[in-house]
Amino acid sequence: MPEKRVTVASKVGLHARPAALVAKAAAAQPVAVSIAKAGGDPVAARSVLNLMTLAAGYGDEVVISAEGEGAEAAVTAVAELVATDLDAAH
């Protein structure tokens, strides 16, 4: 199962706008993408509510994973968003 560890780059963490953008990207993938805080239980990345309940803040490490055909590309796409400051434009 492909997985990547990335650091949350958005100053507000995976909350509000960044969570919505990550969830939208995860929902667009051909496989289910999961995300977990290091050492925590994974949640479905396509759910804004799930992402917000993770309470992943700025600088926290998260693990993004997926399984199935296209999983590697799906994990990479979501990981790149999480590792970007999605609030930089505001």
Side-chain angles (χ1 to χ4, degrees):
M1 175 186 331
E3 69 175 40
K4 287 189 186 289
R5 291 180 174 271
V6 294
T7 301
V8 177
S10 294
K11 299 287 187 260
V12 296
L14 289 182
H15 190 70
R17 183 172 180 271
L21 293 171
V22 170
K24 183 177 179 182
Q29 302 307 315
V31 294
V33 179
S34 296
I35 186 168
K37 278 176 77 169
D41 292 329
V43 299
R46 62 180 55 196
S47 164
V48 175
L49 187 58
N50 283 350
L51 292 173
M52 291 173 57
T53 58
L54 266 183
Y58 172 73
D60 285 348
E61 184 179 69
V62 293
V63 179
I64 299 162
S65 60
E67 199 167 341
E69 192 168 332
E72 189 74 44
V75 167
T76 298
V78 174
E80 286 175 357
L81 263 183
V82 172
T84 302
D85 184 356
L86 299 172
D87 278 336
H90 294 279

Checklist entry - Taking all atoms of both residues into account, what is the closest heavy-atom pair of A74 and Q29, and its distance? => result CA-OE1, 3.3 Å

Checklist outcome for this item: Heavy atoms of V8 and A56 approach each other most closely as CG2-CB, 4.2 Å

Checklist entry - Is it the case that one hydrophobic cluster holds both V43 and V62, taking links as side-chain heavy atoms less than 4.5 Å apart, direct or via other members? => result yes

Checklist entry - How is the hydrophobic cluster of M52 composed, in terms of its other members, when Ile, Leu, Val, Met, Phe, Trp and Tyr link through side-chain heavy atoms under 4.5 Å apart, directly or indirectly? => result V48

Next on the checklist: Taking the side chain as everything from C-beta on, heavy atoms only, tell me whether D87 gets closer than 4.5 Å to P18.
Outcome noted: yes

Checklist entry - So, for A9 and A83, which heavy atoms are closest and what is the spacing to 0.1 Å? => result CB-O, 3.3 Å

Next on the checklist: Rounded to the nearest 0.5 Å, what separates atom OG1 in T76 from atom CG in L81?
Outcome noted: 11.5 Å

Checklist entry - For the residue pair R46 and A32, what are the closest heavy atoms and their distance? => result NH2-CA, 4.1 Å

Next on the checklist: Is it the case that the side chain of K37 and the backbone of D60 share a donor-acceptor pair, with hydrogens and angles ignored and the cut-off at 3.5 Å?
Outcome noted: no

Item to check | Same apolar cluster (I L V M F W Y, side chains within < 4.5 Å links), V31/V22 | outcome: no

Next on the checklist: Side chains of I35 and V82, heavy atoms from C-beta outward: is any pair under 4.5 Å?
Outcome noted: yes

Checklist entry - Which atom names give the shortest non-hydrogen contact between K11 and D85, and what distance separates them? => result N-OD1, 3.8 Å

Item to check | Where P42 and S34 come nearest, the two heavy atoms and their spacing | outcome: CB-CB, 4.0 Å

Next on the checklist: Can you confirm whether K4 sits close enough to E72 that some side-chain heavy atom of one is under 4.5 Å from a side-chain heavy atom of the other?
Outcome noted: yes

Next on the checklist: Whether the side chain of R17 engages the backbone of L86 through a donor-acceptor N/O pair (distance < 3.5 Å, no angle test) should be reported.
Outcome noted: yes

